[in-house]
Student: 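Sending over a structure as structure tokens; questions will come in a sec.
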Amino acid sequence: MLQLSFIRENKEMVIEKLAIKNFDATELINSVIELDELRRSTQKQLDDLLAKSNQLAKEIGYLFKAGDRAAAEKIKQESGELKKTAKELESQLNETINSLNSKLIEIPNVPHQSVPKGITETDNELMHKEGELPEMPDGSLPHWDLATKYKIIDFDLGSKVTGAGFPFYRGKGARLQRALINFFLDEALEAGYLEYQPPLLINEDSGYGTGQLPDKEGQMYVVGEDNLFLIPTAEVPITNIYRNNILNVKDLPIKNVAYSNCFRREAGSYGKDVRGLNRLHQFDKVEIVQIAHPDHSYQILEEMKDYVAGLLRKLKLPFRIVKLCGGDLSFTAALTYDFEVYSAAQKRWLEVSSVSNFENFQANRMKLRFRDEVSKTQLAHTLNGSALALPRIVAALLENNQHENGISIPEVLKTYTGFNQIDCE
RNA sequence: GGAGAGGUGGGUGAGUGGCUGAAACCACCGGUUUGCUAAACCGGCAUACCUUUAACCGGGUAUCGGGGGUUCGAAUCCCCCCCUCUCCGCCA
């Protein structure tokens, strides 16, 4: 959520920048500013009224003490009248605040100045490309066929027990999952992140804080009985640790890492692009989150980008980094780098990580502040990135490393897997 | 799930209807004193919004788990919800 004062002071600029996200905010911004003016004048009236009635209440107290009952009763009446008006004003004020807020949360974050214009992912800006695209011999298979051939992932069994998009990992497949999780966590610890193991369900306030609610509840699994939501990413519980907090400037940046299962309904996506591991309802991900001083958040974003690149380099996967264009940028992000690995058998790039700076957009929603050098409170910046999401990494590893007799494991993972290759049982 | 006890500022904790935005202590910050450190002493120390200001300062309102209510007036009384603790039940 953008700050009201920011909108008020930068109206034209906000509208202009949101156009890069292909969002016409003119009407919303105008009505927000209008509602804000109404809110302020209503509050002024109400505050003045309450000030008066507080004063009267005090007088009544003194009069009672002095034993002047008659005078007290007289003021009491006056005070009663004030109260009626105050009630009306209060409900007016609440109404205004509510409609103000509901408009305010419809306004997306403004993109960073470097974000390119564009509508779809084809307009994203290629930043970096690394690694040789492997030449696959004839007869090389996509990962879903490899998974069956080596009995390491069972999609059908998942369908039977749960439904599509909930695979079983089996034998070396399961151990590969565990190896990747541990590898990613260890790397993050090395890079100075603090490990958390978060709850997999979150409440409404948390969903609101990071921006999943109120709009995207359709993308989350809901436990209606208890009004809880299964997390779509560890970003949600980890960032919400700091909801309603005032941090000390000395504590910044905060660097957290968490492994979690992630649950996404992915309503409305079907077809070839979502086959196998390409899109799941439940998957594993290691997520890095940072809470940063506004002056340093973009430098930190670059560091996070380099960190994720390092992981892919160690896994020897060919990858590229794109900067998302305005149209592809999420509602909450100001700047996002997507990482894509090349999947040799599918002959396409698969998104494996998204590293974003949200500036103070999430922080404003969840009231995440810090006390700065001159001990004023201001909103912090939040950032996060996948480091990494497993399924598509696994897909690429299986496809790119296959040979006649099996699938070889990258060097860095061998101590984690305890085996050098996946082959027929 | 049942019964009981609680939830007050960064922490401990006082406060059962008005002079309490909240005692006291600790922590923290500034100062005095002081070979250094420590101690002692003095002062400061919540958040949000409105208003005022170039800014600081100032004035106002709200906030004692959350929401609603009673009252001229609520941390204090009433109702609902959430959370914590103890006991019982169930259970990995």
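Every chain is numbered from 1, with letters handed out A, B, ... down the list of sequences. All heavy atoms count here, side chains included; hydrogens, waters and symmetry mates do not.
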Student: Counting Watson-Crick and G-U wobble pairs only, both distances under 3.5 Å, name the nucleotide matched with B/A22, or none.
Tutor: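 Base-paired to nothing in any strand shown.
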Student: Report which part of the nucleic acid A/I246 touches: base, sugar-phosphate, or nothing (heavy-atom distance under 4.0 Å, all strands).
Tutor: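 If one applies the 4.0 Å heavy-atom cut-off, A/I246 turns out to touch the sugar-phosphate alone, with no base involved.
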Student: Touch check for A/N54, heavy atoms < 4.0 angstrom, all strands: base, sugar-phosphate only, or nothing?
Tutor: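 Sugar-phosphate, backbone atoms only, no base.
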Student: With the threshold set at 4.0 Å, does a side-chain nitrogen-carboxylate oxygen contact exist between A/E187 and A/K314?
Tutor: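 The answer is yes: the pair qualifies as a salt bridge.
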Student: Please work out if A/S41 contacts a base, only the sugar-phosphate, or nothing of the nucleic acid, heavy-atom cut-off 4.0 Å.
Tutor: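 No contact.
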Student: A/K52 NZ to B/G73 P: how many Å, rounded?
Tutor: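 Computing the A/K52:NZ to B/G73:P distance gives 15 Å.
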Student: Any side-chain heavy atom of A/L388 within less than 4.5 Å of one from A/K285?
Tutor: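 Counting from C-beta outward, A/L388 and A/K285 never come under 4.5 Å.
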Student: Roughly how far apart, to the nearest Å, are B/C80 and B/U70 at atom C1'?
Tutor: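 Straight-line distance between the two C1' atoms is 15 Å.
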Student: Using 4.0 Å as the upper bound for N to carboxylate O, is an ion pair formed by A/D48 and A/K44?
Tutor: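 Result for this pair is yes, salt bridge flagged.
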Student: So what does A/I60 touch, heavy atoms closer than 4.0 Å: a base, only the sugar-phosphate, or nothing?
Tutor: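 The residue A/I60 makes base contact.
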Student: Searching all strands shown, indicate the nucleotide that pairs with B/U34 (Watson-Crick or G-U wobble; both distances under 3.5 Å).
Tutor: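 B/U34 is paired with nothing.
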Student: Under 4.5 Å between any side-chain heavy atoms of A/E340 and A/V352, yes or no?
Tutor: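 When only atoms from C-beta onward are counted, A/V352 and A/E340 do not touch, as no gap falls below 4.5 Å.
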Student: Could you let me know what B/C28 is paired to, Watson-Crick or G-U wobble, both distances under 3.5 Å, or none if it's on its own?
Tutor: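 Per the H-bond distance test, B/G44.
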Student: Ignoring backbone atoms, test whether A/R371 places a side-chain nitrogen or oxygen under 4.0 Å from the OP1 or OP2 oxygen of B/U47.
Tutor: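 For B/U47, OP1/OP2 do have a side-chain N/O of A/R371 under 4.0 Å.
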Student: Expressed in whole Å, how much space separates the P atoms belonging to B/G43 and B/G7?
Tutor: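 After rounding to an integer number of Å, I get 31 Å for this pair.
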Student: For A/N244 and B/U63, give me the distance from atom CG to atom C1', rounded to whole Å.
Tutor: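 Interatomic distance, CG of A/N244 to C1' of B/U63: 13 Å.
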Student: Would you mind reading off the distance between A/Q3 atom CD and B/A48 atom C1', rounded to a whole angstrom?
Tutor: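 That distance rounds to 13 Å.
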Student: Indicate yes or no: does A/K323 engage A/D338 in a salt bridge with an N to O separation below 4.0 Å.
Tutor: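 No, this pair does not count.
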Student: When rounded to the nearest Å, what value does the distance between P atoms of B/G59 and B/G1 take?
Tutor: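 So the two P atoms sit 50 Å from each other.
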Student: Could you check which nucleotide pairs with B/A5 in any of the strands shown, counting Watson-Crick or G-U wobble with both distances under 3.5 Å?
Tutor: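 For B/A5, the partner nucleotide comes out as B/U84, under the 3.5 Å rule.
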Student: Could you tell me whether A/E106 and A/K103 make a salt bridge, using a distance below 4.0 angstrom between a side-chain N and a carboxylate O?
Tutor: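 Salt bridge flag = no for A/K103 with A/E106.
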Student: Considering only B/C56, B/U61, B/C49, which nucleotide approaches the side chain of A/K376 most closely?
Tutor: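 Between B/C56, B/U61, B/C49, the one nearest the side chain of A/K376 would be B/C56.
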Student: Between A/D36 and A/R40, is the closest basic N to carboxylate O distance under 4.0 Å?
Tutor: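 So A/R40 pairs with A/D36 through a salt bridge.
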Student: Is there a Watson-Crick or G-U wobble partner for B/U16 with both distances under 3.5 Å, and if so, which one is it?
Tutor: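 When the pairing criteria are applied, nothing turns out to pair with B/U16, so the answer is none.
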Student: With RNA chain B as reference, determine whether A/L56 or A/T377 sits nearer its 5' end, using the nearest nucleotide of each.
Tutor: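 Looking at RNA chain B, the more 5' nearest nucleotide goes with A/T377.
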Student: Quote, to the nearest angstrom, the P distance that separates B/U71 from B/C78.
Tutor: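 Taking atom P in both B/U71 and B/C78, they lie 16 Å apart.
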Student: Quick one: A/D47 CG to B/U63 C1', roughly how many Å, whole number?
Tutor: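 So the two atoms are 13 Å apart, to the nearest Å.
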Student: From B/A46, B/G60, B/C50, pick the nucleotide closest to the side chain of A/R40?
Tutor: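 Minimum distance to the A/R40 side chain belongs to B/C50.
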Student: Of the candidate nucleotides B/G18, B/A48, B/A62, which contains the atom at the shortest distance from the side chain of A/L50?
Tutor: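 Selected nucleotide: B/A62.
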Student: Taking the nucleotide of RNA chain B with the closest heavy atom to each, which residue, A/K76 or A/G61, is nearer the 5' end?
Tutor: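 Comparing both residues, the 5'-ward one is A/G61.
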Student: Please classify the nucleic acid contact of A/K87 as base, sugar-phosphate, or nothing, using heavy-atom distances under 4.0 Å.
Tutor: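 Touches sugar-phosphate only.
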Student: Rounded to whole angstrom units, what separation is found between the CG atom of A/N248 and the C1' atom of B/C45?
Tutor: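 The answer, rounded to whole Å, is 14 Å.
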Student: Taking the six-membered ring for Trp, are A/F183 and A/Y416 parallel (under 30°), tilted (30 to 60°) or perpendicular (over 60°)?
Tutor: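 Rings of A/F183 and A/Y416: perpendicular, as their planes differ by over 60°.
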Student: Report yes if at least one side-chain N or O of A/S53 is closer than 4.0 Å to OP1 or OP2 of B/U61; otherwise report no.
Tutor: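 Result: no.
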Student: Looking at B/C91, which nucleotide sits across from it as a Watson-Crick or G-U wobble partner, both distances under 3.5 angstrom, or is there none?
Tutor: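 By the stated definition (distances under 3.5 Å), nothing pairs with B/C91.
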Student: Using atom P in both nucleotides, what's the gap between B/U84 and B/C79 to the nearest angstrom?
Tutor: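 Pairwise P distance, B/U84 against B/C79, rounds to 23 Å.
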Student: Quickly work out the A/D48 CG to B/A62 P distance and round it to whole Å.
Tutor: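 Value for this atom pair: 12 Å.
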Student: If I pick the C1' atom on B/C87 and the same atom on B/G9, what distance separates them, to the nearest angstrom?
Tutor: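 Nearest-Å result for B/G9 against B/C87 at atom C1': 33 Å.
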Student: Starting from P on B/C82, measure out to CD on A/E204 and report it in whole angstrom.
Tutor: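 That distance rounds to 13 Å.
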Student: Determine the interatomic distance between C1' on B/G17 and the same-named atom on B/C64; round to the nearest Å.
Tutor: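 Those two atoms are separated by 15 Å.
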Student: Looking at A/R369, I'd like to know whether one of its side-chain N or O atoms comes within less than 4.0 Å of OP1 or OP2 on B/U47.
Tutor: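 It does not, given that no N or O in the side chain of A/R369 lies less than 4.0 Å from OP1 or OP2 of B/U47.
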Student: Taking any strand in view, what nucleotide pairs with B/A54 in a Watson-Crick or G-U wobble way, both distances under 3.5 Å?
Tutor: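 With both distances under 3.5 Å required, B/A54 matches none.
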Student: For A/K367, which contact category applies under a 4.0 Å heavy-atom criterion: base, sugar-phosphate, or nothing?
Tutor: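 Here A/K367 touches no strand at all.
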Student: Report the base-pairing partner of B/U76 (Watson-Crick or G-U wobble, both distances below 3.5 angstrom), or none.
Tutor: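 Looking at the geometry, B/U76 pairs with no nucleotide.
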Student: Whole-Å distance between B/A48 P and A/L368 CG?
Tutor: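 Nearest whole value for this atom pair: 13 Å.
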Student: Please measure how far the P atom in B/G35 lies from the corresponding atom in B/C28, and state the result in whole Å.
Tutor: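 The same atom, P, in both gives a distance of 24 Å.
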Student: Between B/C72, B/C50, B/A48, which nucleotide gets closest to the side-chain atoms of A/S79?
Tutor: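 It is B/C72.
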